[in-house]
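Everything below concerns the one structure shown next.
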Amino acid sequence: MGSRLRIKPPEDYLFKRDVCSYGYFLLAPNRWDPESCTLTRPLLLDHSVAVLTIGQSKDAPGADLIVQSDIALDRAQQREARCRVERMLRLDEHDLSHFHRVDSRWKRSGRGRLFRSPTLFEDIVKTVTNCNVTWAGTMNMNARLCEVISPSFPSPRQLSRKRPATLRSRCGVGYRDERIVALAKLAVAGEIDEDWYADPSNSDEAVRERLLALPGIGPYAAANIMQLLGRYASLALDTESVRHGRDILGFEGESNDIMRRVTEHYERFGDQRFRSYWLDLWSFYEDRRGPAWTWDPATVGRTFTAALLTQRKRLATP
DNA sequence: GGTAGACCTGGACGC
DNA sequence: GCGTCCAGGTCTACC
């Protein structure tokens, strides 16, 4: 007999929309079921792995969230599960009024919370597996890390004990192998401290500098990890941003010029730049592929990016 | 400080 | 089915 938790979300929280708001909901060990609109994933809770299924009691903003565990959880495990789920769903961001004042386009819908992982370490590894590879490659790497090392996503300790060659040959992470092991060793040594990164008394610049010093983390990855930490002032610009600038914003020129103009375009959103940028990009995907909560992870979930949409369009054009 | 090339994988494409 | 080409961000060497 498992355990059942009930969580009261912010009143504008719509589970299916706010979970399916950032690509990581499609990455293992997360499993989104478009039929039931539930998210299932194993989670390590004090030496036991519990498979949690999360859903909303009613398909309405603010309705209670229900977390069903396949095993009985003691009080400490329930506290930990609640804490991890709240991190993933960003339920700590109770009040989106500042973002909605800065960018009123999303006020009516209540959009603004972007899905993330239960731990900062998982977010960092997922970001490294998202660099210099197509989205399908990112999905494969995360699936194999879970298959080969741990179904609940490898912990820093587990990864720190792996040989880079094992990650390369069995998990398909390629040249990222040594960087991932080095990151895990730093995490085990306590050098990746989420409290410090999230502490608002530390400036964005200080956080960015420290992230850039981590192995495998460059400008794009640092900016992406910053938004995952709730710091939205930096834009994580990649090739998708260039396509967004060219196809949606209508900018012309070389990639560098378009990147510069995309940056200028989002200046107006100040410390909320990333959220405005991301919701624009995500709306572009949803306009073409339907609401993200309807995406089947095995099909649309692998092919929703603008790069693949452009290829599909090219293939369809005689 | 700026730039070029290597890193690795998977998918598209041509034969 | 096989070989080739290309996309993708970070890192290092070099100017």
Side-chain angles (χ1 to χ4, degrees), chain A residues 22-24 26-28 121-149 159 162-187 191-192 205 207-228 234-247 253-260 262-263 274 277-278 281 284-285 289 297-318:
Chain A
Y22 193 67
Y24 289 6
L26 294 161
L27 298 181
F121 179 72
E122 185 175 327
D123 271 338
I124 291 175
V125 175
K126 279 183 158 55
T127 299
V128 170
T129 64
N130 191 23
C131 289
N132 200 27
V133 70
T134 59
W135 178 247
T138 303
M139 292 187 78
N140 290 343
M141 284 184 230
N142 280 273
R144 284 156 77 175
L145 284 168
C146 294
E147 279 165 24
V148 173
I149 302 173
L159 277 175
K162 289 288 168 198
R163 286 186 303 128
T166 306
L167 295 188
R168 181 180 291 236
S169 61
R170 299 192 60 203
C171 304
V173 302
Y175 67 89
R176 300 164 193 80
D177 55 357
E178 290 188 3
R179 298 171 192 179
I180 291 173
V181 173
L183 281 167
K185 286 181 175 165
L186 286 170
E191 306 258 332
I192 300 179
E205 203 38 55
V207 169
R208 189 180 129 83
E209 249 179 58
R210 205 179 267 203
L211 288 171
L212 286 172
L214 295 175
I217 306 300
Y220 163 79
N224 193 55
I225 294 166
M226 286 179 74
Q227 70 85 6
L228 291 163
S234 309
L235 289 182
L237 295 177
D238 60 4
T239 49
E240 287 288 297
S241 322
V242 175
R243 267 181 285 271
H244 177 66
R246 190 177 286 136
D247 298 345
E254 296 297 314
S255 292
N256 283 348
D257 299 327
I258 293 177
M259 289 266 202
R260 183 179 47 75
V262 169
T263 304
F274 183 84
Y277 158 76
W278 183 257
L281 200 64
F284 167 82
Y285 300 146
R289 309 306 299 271
T299 54
V300 182
R302 293 182 74 84
T303 59
F304 70 89
T305 61
L308 291 164
L309 284 169
T310 308
Q311 277 175 16
R312 287 154 63 95
K313 197 170 139 193
R314 220 171 35 227
L315 288 171
T317 307

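Lettering of chains follows the sequences in order, A, B, ..., and the numbering in each one begins at 1. Heavy atoms only: backbone and side chains are in, while hydrogens, waters and symmetry mates are out.
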- Below 4.0 Å: OP1/OP2 of B:dT9 and any side-chain N or O of A:T134: no
- Query: Which nucleotide sits closest to the side chain of A:Y220: C:dT10, C:dG8, B:dC8?
  - Reply: C:dT10
- Query: Rounding to a whole Å, what distance do you find between A:E240:CD and C:dG8:C1'?
  - Reply: 10 Å
- Spacing of A:N142 atom CG relative to B:dG10 atom P, expressed in whole Å: 13 Å
- Message: Which nucleotide wins on minimum distance to the side chain of A:R176, given the candidates C:dT10, C:dG8, B:dG11?
- Response: C:dG8
- Look at the side chain of A:A136 and decide which nucleotide, out of B:dT9, B:dG11, C:dG8, has an atom nearest to it. B:dG11
- Message: Quick check on DNA chain B: between A:N132 and A:G137, whose nearest nucleotide comes earlier from the 5' end?
- Response: A:N132
- Query: In whole Å, what is the span from the CD1 atom of A:I217 to the P atom of C:dG9?
  - Reply: 14 Å
- Measure the distance from CG on A:N224 to C1' on C:dG9 and round it to the nearest whole Å. 12 Å
- Message: side-chain contact (heavy atoms from CB on, under 4.5 Å), that's the test. Do A:L27 and A:W135 meet it? Break it down for me.
- Response: CA-CA 10 Å; A:L27 298 181; A:W135 178 247; 3.7 Å; yes
- If you measure only the distance, is there a donor-acceptor pair under 3.5 Å linking the side chains of A:Y277 and A:Q227? no
- Message: The side chain of A:R144 is closest to which nucleotide in this list: C:dT10, B:dG11, B:dG10?
- Response: B:dG10
- Partner of A:M141 by side chain to side chain contact (heavy atoms under 4.5 Å, CB included), out of A:T129, A:L167, A:N130: A:T129
- For the pair made of CG in A:N140 and P in C:dG8, what is the distance, rounded to whole Å? 17 Å
- CG of A:D177 versus C1' of C:dT10: gap in Å, rounded? 14 Å
- Could you label the plane-to-plane angle of the A:Y24 and A:Y22 rings as parallel, tilted or perpendicular, counting under 30° as parallel and over 60° as perpendicular? perpendicular
- Item | Strand-adjacent residues in residues 178-186 of chain A, judged by heavy atoms under 4.0 Å from DNA chain B | none
- Task: Classify the nucleic acid contact of A:N130 as base, sugar-phosphate or nothing, counting any heavy atom under 4.0 Å across all strands shown.
- Result: nothing
- Note on the structure: Taken to the nearest whole Å, CE/A:M139 to P/B:dG10 is 14 Å
- Query: Out of curiosity, A:I217 CD1 to A:R208 CZ, how far, rounded to the nearest 0.5 Å?
  - Reply: 12.0 Å
- Salt-bridged, A:E147 to A:R144, with N to O below 4.0 Å? no
- Message: Once rounded to the nearest 0.5 Å, what's the spacing between atom CG of A:L26 and atom CG of A:N142?
- Response: 11.0 Å
- Query: Between atom CD in A:E254 and atom C1' in B:dG2, what is the gap in whole Å?
  - Reply: 17 Å
